[in-house]
Amino acid sequence: MAVEREGYDAVVIGGGHNGLVCAAYLAAAGQSVCVLERRGVVGGAAVTEEFHPGFRNSTASYTVSLLDPAVIRDLRLVGHGLRIVERPFANFLPLSDRDAIRVGGGLAATQAEVARWSARDAERLPAYYAMLDRVADVLRDLLHATPPNVGGGVHALLDGWKVAKRFRALDRAGQRDVLDLFTKSAGEILDRWFESDPIKAAFGFDAVVGNFQSPYSPGSAYVLLHHVFGEVNGKRGQWGHAIGGMGSITQAMAKECAARGVAIRLDAPVARVVVERGAATGVALETGEVVRARRVVANVNPRLLFEQLVPADAIDADFRARIESYRCGSGTFRMNVALAALPDFTCAPGTGRQPHHAAGIVIAPSLAYMERAYFDARTEGVSRAPIVELLIPSVVDDTLAPAGQHVASLFCQHVHPNMPEVTGRSFDDARDAIADLMIDAVDGLAPNFRASVIARRALTPLDLERTFGLVGGDIFHGALGLDQLFSARPVLGHADYRMPVANLYLCGSGAHPGGGVTGIPGRNAAREILRDARRRRARRGARTQ
């Protein structure tokens, strides 16, 4: 017999960062809120966990830039202990055993680096950055907007007019740049701007992060753009390390939720959304307990929500078909390693702490290398020469590892999200071999790396799905293609955070503006939920007059 718990104004499925953000904003408006998290730790994919005795690291998400400044301010995250340290420069790309390129640390420093390969490219850098800034400004405006909802009536028309007005304010060149970066491939854009492989690789890497595509796939330029709109400590375009790992972000959010009276329940997996008379009225846990609420807010992948949690007869066949075709799947293989020593790169020798050890170390020396990695995975299941981003947060955060030792995050690509269908071999059987391949990719440029590995924890795309609900290992909760952005995210007609079941909302990365540790989907969804609550109160008041 099901046990019924007290009712809330809202129950949030999933205690990841967007769920916590949404809950905090709702509670600030006087709503009673309960967050249900199936794992024993809050934070979703933004968590810090011990993976070997004495060694802690961010388990899945691993670096910070996109976290919205408004969320940091409104949720008082700094007051709750959040501290972010900027990288000395953005990226270090070892190109061979003799040379490397360093990008970031100021325009002059980057120009000096690029000029070693092309004086023309160095001269073009300011114009390229200015172009990105103009387009990123448009994107920043759109991030906080509720997308015009196709078929949504007068409110959607007004929202659409606001977006069009922002676009029309650009000059003709700016409009073309926006169109290019939303539709073309990153490779096409970068080939037009630059002639040298190293700078194209440094910029093009952002286009394949978590994106199972070639850098020459149409639409990949948007993924590049999606990674450049952030800031750290008020400095645009910067990336940094959260002291204490990414879990320090969500722990700070959880503290603010608690301060606002939000109930957070761990080890509380949701089995289904309760739908009665066409409306969501709560959720049933796997234990059989029912938690009642006026609204159900889902911080999960849209496919997981509608294929596993919402009763099939609660939505129409057309919506279900569109959700089934919603594209999820990242070529991501995520690994944490405990290290006895820092990597000793042959192109930048030494195991003492150097600036490049605190940067994003990218093993992908050219766009052609990235394209081969993608097509390898498409045909063979795994890239024979993979793309690896290596971060060593313990260089700036000595709380993560014992003295004199380190932890490193390896964000690796590409592993086909459906590799078992391609190779006939399961992820569980292939995990260690793939991990060895990724270690070898680093060891080929820093020959002490393999010998320095004390322990490792590897996560295949399937592991990411099992552990964090990332369907297909997709870190964005759905591919960031033009057909799944803005008014089409997750499905045309339901881009305004309101789902086709009454009182059911989406607040996770499967909603606009997509993935990354931003908090923006949660913030935007809370705004729309509160707007609906005010309308409902107004209607009730009108009826009683």
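All values below come from the heavy atoms of this structure, side chains included, with hydrogens, waters and symmetry mates left out. Predicted model, so just to flag it, every value in this text is computed and none were measured. Numbers here simply count residues along the sequence, with the first being 1.
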Tell me yes or no: between the side chains of [X] and [Y], is some donor less than 3.5 Å from an acceptor?
| X | Y | result |
| --- | --- | --- |
| S220 | N211 | no |
| R531 | T146 | no |
| T281 | E276 | yes |
| D9 | S32 | yes |

* To do: Please round to the nearest 0.5 Å and tell me the distance separating atom CD1 of I84 and atom CG of L77.
  =>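 Spacing of CD1 (I84) from CG (L77) equals 8.5 Å.
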* Asked: At what distance, to the nearest 0.5 angstrom, does CD1 of I475 lie from CG of L470?
  ->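 Rounded to the nearest 0.5 Å, the CD1-CG separation comes to 8.5 Å.
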Identify, with sequence neighbours excluded, every residue that meets side-chain hydrogen bond (donor to acceptor under 3.5 Å, both in side chains) alongside [X].
| X | value |
| --- | --- |
| H226 | Y222 |
| D436 | R456 |
| T399 | D397 |
| R272 | none |

Side-chain contact, heavy-atom cut-off 4.5 Å: [X] with [Y]?
| X | Y | result |
| --- | --- | --- |
| V415 | T460 | no |
| R527 | Y25 | no |
| I434 | C412 | no |
| P343 | L390 | yes |
| F51 | V407 | yes |

Under the ring-ring contact (aromatic ring centres under 6.0 Å, His included) test, which residues partner [X], sequence neighbours left out?
| X | result |
| --- | --- |
| F306 | F319 |
| H416 | F212 |
| H52 | F55 |

Among residues two or more places apart or on two chains, list those pairs meeting salt bridge (charged side-chain N to carboxylate O under 4.0 Å, His left out) that have a residue in [range].
| range | answer |
| --- | --- |
| residues 496-506 | D496-R498, R498-E528, R498-D532 |
| residues 66-77 | D74-R523, R76-E256 |
| residues 22-48 | R39-E49 |
| residues 304-315 | R303-E307 |

* Stepwise, does the side chain to side chain contact (heavy atoms under 4.5 Å, CB included) test hold for S248 with T48? -> CA-CA 7 Å; S248 64; T48 303; 5.7 Å; no
Qualifying residue for side chain to side chain contact (heavy atoms under 4.5 Å, CB included) with [X], from [options]:
| X | options | value |
| --- | --- | --- |
| L143 | L66, T518, I520 | I520 |
| L36 | L266, V12, L285, D267 | L285 |
| V11 | V283, V33, V297, V270 | V283 |

* Applying side chain to side chain contact (heavy atoms under 4.5 Å, CB included), run through R294 and N503 and close with a yes or a no. => CA-CA 7 Å; R294 291 186 175 89; N503 302 331; over 6 Å; no
* Heavy atoms from other residues, nucleotides or ligands near CZ of R322 exceed 12 (cutoff 6.0 Å) ->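 Atom CZ in R322 is not crowded, with 12 or fewer foreign heavy atoms closer than 6.0 Å.
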* Greater than 12 external heavy atoms within 6.0 Å of R83's CZ ->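 No, CZ of R83 has 12 or fewer neighbouring heavy atoms, counting only those of other groups under 6.0 Å.
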* Which residue pairs pass the ring pair (Phe, Tyr, Trp, His ring centres under 6.0 Å) test when at least one of the two sits in residues 498-519, sequence neighbours left out? ->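 Applying ring pair (Phe, Tyr, Trp, His ring centres under 6.0 Å) to every pair that reaches into residues 498-519, excluding sequence neighbours, yields F486-H512.
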* Hey, mind stepping through T59 and R334 against side chain to side chain donor-acceptor pair (under 3.5 Å) and telling me if it holds? -> CA-CA 8 Å; T59 304; R334 181 71 175 86; over 6 Å; no
